[in-house]
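Okay, so here's the structure we're looking at.
Note that ligands are numbered from 1 as they come in the structure, with each ligand's atoms numbered from 1 the same way. FYI, the numbering just counts along the sequence from 1.
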Amino acid sequence: MKRQLEIDILTIFPEVVRGPLSESIIGRAVSGGIIELKVHDLRKWSLDRHHKVDDEPYGGGPGMVMKPEPFFSAVRELRRKETRVVLMTPQGRRLQQSMARDYAGNCSHLVILCGHYEGIDHRVVEALVDDEISIGDYVLTNGAVAAAVFVDSVTRLIPGVLGDERSSQEESFAHDEGILEAPCYTRPVEFEGMEVPEILLSGHHEKIAEWKRNRALERTAENRPDLLADDEGGSDSDN
Ligand code: ADE
């Protein structure tokens with residue numbers, strides 16, 4: 001299959017990104033050539049004798065800030081006309097399935113910058129970055145973990161990556177409606193006194209579909225009531 005997406009990731013912890021993306025479905029997409037993934041050590045672009053990539057913050061404050069020079073050199077080397085440059089940061093837009101779909105469908109080359117420490121010199125954001133993305137409202141120790149999550153969410157939506165395309169069409173957030181998936185079961189029918197709901201064994205497709213929809217709504221009301229609210233809340237349907 002023809003290569004569909006090329007991804008360059010810039011981080012000072014390459015192994016953190018490589019690990020999760022070298023196994024299972026994404027690992028096979030890479031080895032099968034559907035996506036091309038290159039994970040670079042940002043220190044390669046540091047001009048400093050000791051490959052330093054951070055420095056103290058102007059204006060004071062705790063921690064260190066990532067210097068602009070390595071990012072500028074790296075992006076200038078890697079960027080092409082069609083490239084989209086993404087920065088993983090808790091200050092970004094919160095990742096939604098619709099964003100993953102947009103990248104999977106409309107992007108052929110991604111350069112992903114991973115922040116570490118307290119943050120990254122803002123001139124990088126202003127001059128180089130097209131999209132700042134957060135994977136959720138919490139702070140991780142480094143953006144490499146977030147980059148692996150983002151790449152996984154995008155890559156699995158590329159045609160040919162999942163064995164069965166229905167998986168990505170039926171799952172939570174896949175539809176405009178944006179509700180969670182119904183619970184699922186497999187063998188055995190009875191396990192430690194707990195039984196698989198009888199309707200799933202009935203072979204009655206319409207009734208099963210109705211059951212799934214009701215359970216999906218119940219689960220959404222319990223775990224993610226924000227998705228059912230009328231306002232824009234956390235729903236994915238409007239972006
Ligand atoms: N880096 C640290 N925390 C992050 C988050 N929540 N999303 C993206 N990058 C991050």
Side-chain angles (χ1 to χ4, degrees), residues 5 7-22 26 35 37-46 52-59 61-72 74-75 78-79 83-104 106-107 109-157 172-173 178 180 223-224 226-227 232-236 239:
L5 176 59
I7 306 171
D8 287 287
I9 302 181
L10 293 162
T11 170
I12 54 171
F13 299 114
E15 293 313 315
V16 172
V17 188
R18 280 195 195 113
L21 298 179
S22 59
I26 310 300
I35 59 170
L37 179 68
K38 288 185 231 136
V39 185
H40 308 272
D41 188 342
L42 182 69
R43 293 183 198 280
K44 192 176 126 188
W45 284 277
S46 168
K52 200 169 134 78
V53 289
D54 62 336
D55 211 334
E56 288 163 6
Y58 277 121
M64 300 291 268
V65 173
M66 294 189 81
K67 292 161 68 60
E69 300 93 325
F71 284 111
F72 273 78
V75 170
L78 298 169
R79 190 167 52 186
T83 304
R84 278 159 84 171
V85 180
V86 167
L87 170 67
M88 304 312 303
T89 166
Q91 276 77 46
R93 294 195 294 145
R94 195 168 52 190
L95 182 59
Q96 306 270 333
Q97 189 71 8
S98 55
M99 289 156 67
R101 250 192 321 261
D102 173 42
Y103 277 97
N106 302 316
C107 182
H109 183 217
L110 251 176
V111 172
I112 302 175
L113 316 182
C114 303
H116 305 280
Y117 312 123
E118 268 312 300
I120 147 171
D121 188 290
H122 199 63
R123 288 165 289 192
V124 172
V125 180
E126 283 177 340
L128 303 178
V129 171
D130 298 308
D131 203 359
E132 296 172 85
I133 295 181
S134 162
I135 62 162
D137 292 343
Y138 42 80
V139 181
L140 303 165
T141 54
N142 70 73
V145 173
V149 170
F150 175 54
V151 168
D152 187 299
S153 74
V154 172
T155 303
R156 61 188 291 287
L157 297 177
S172 303
F173 311 114
L180 304 181
N223 293 338
R224 291 292 307 277
D226 56 306
L227 295 176
E232 299 199 344
S235 171
D236 194 28
N239 55 34

Distance alone, cut at 3.5 Å: any donor-acceptor contact between the side chains of Thr89 and Gln91?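 Side chains of Thr89 and Gln91: pair found under 3.5 Å.
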Donor-acceptor pair between Thr141 and His116 side chains, under 3.5 angstrom: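 No, His116 and Thr141 have no side-chain donor paired with an acceptor closer than 3.5 Å.
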Taking only heavy atoms of Met88 into account, list the atoms of ligand 1 that are under 4.0 Å away from them.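 Selected atoms, number and element: 8 (C), 9 (N).
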For ligand 1, find out whether one of its N or O atoms is nearer than 3.5 Å to an N or O atom of Val139.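 No.
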So is Ile135 polar-close to ligand 1, meaning N/O to N/O under 3.5 Å?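 Yes, at least one N or O pair falls under 3.5 Å.
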Check this for me, if you would: do Arg123 and Glu126 make a salt bridge, where the nitrogen-to-carboxylate-oxygen distance has to be below 4.0 angstrom?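 Glu126 and Arg123: not salt-bridged.
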Salt bridge present between Lys67 and Asp54 (N-O < 4.0 angstrom):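 No salt bridge links Lys67 with Asp54.
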Under 4.0 Å, heavy atoms only, figure out whether ligand 1 is touched by the backbone of Ser134, its side chain, both or neither.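 Looking at Ser134 and ligand 1, atoms from backbone and side chain both fall under 4.0 Å.
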Suppose we measure from [atom] to each protein heavy atom; which comes out shortest, and what is that distance?
atom	answer
atom 6 (N) of ligand 1	Tyr138 O, 2.8 Å
atom 9 (N) of ligand 1	Thr89 N, 3.2 Å
atom 1 (N) of ligand 1	Pro90 CD, 3.5 Å

So does Glu56 have more than 12 non-hydrogen atoms from other groups sitting under 6.0 Å from CD?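 Count not over threshold, so no.
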Quick one: which of Leu113, Val124, Asp8 gives a side-chain contact (heavy atoms from CB on, under 4.5 Å) with Val75?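 Single side-chain contact (heavy atoms from CB on, under 4.5 Å) partner of Val75 among Leu113, Val124, Asp8: Leu113.
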Between Thr141, Leu140, Leu95, Ile133, flag the one that comes closest to atom 3 (N) of ligand 1 by a heavy atom.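 Considering heavy atoms of Thr141, Leu140, Leu95, Ile133, the nearest to atom 3 (N) of ligand 1 sits in Leu140.
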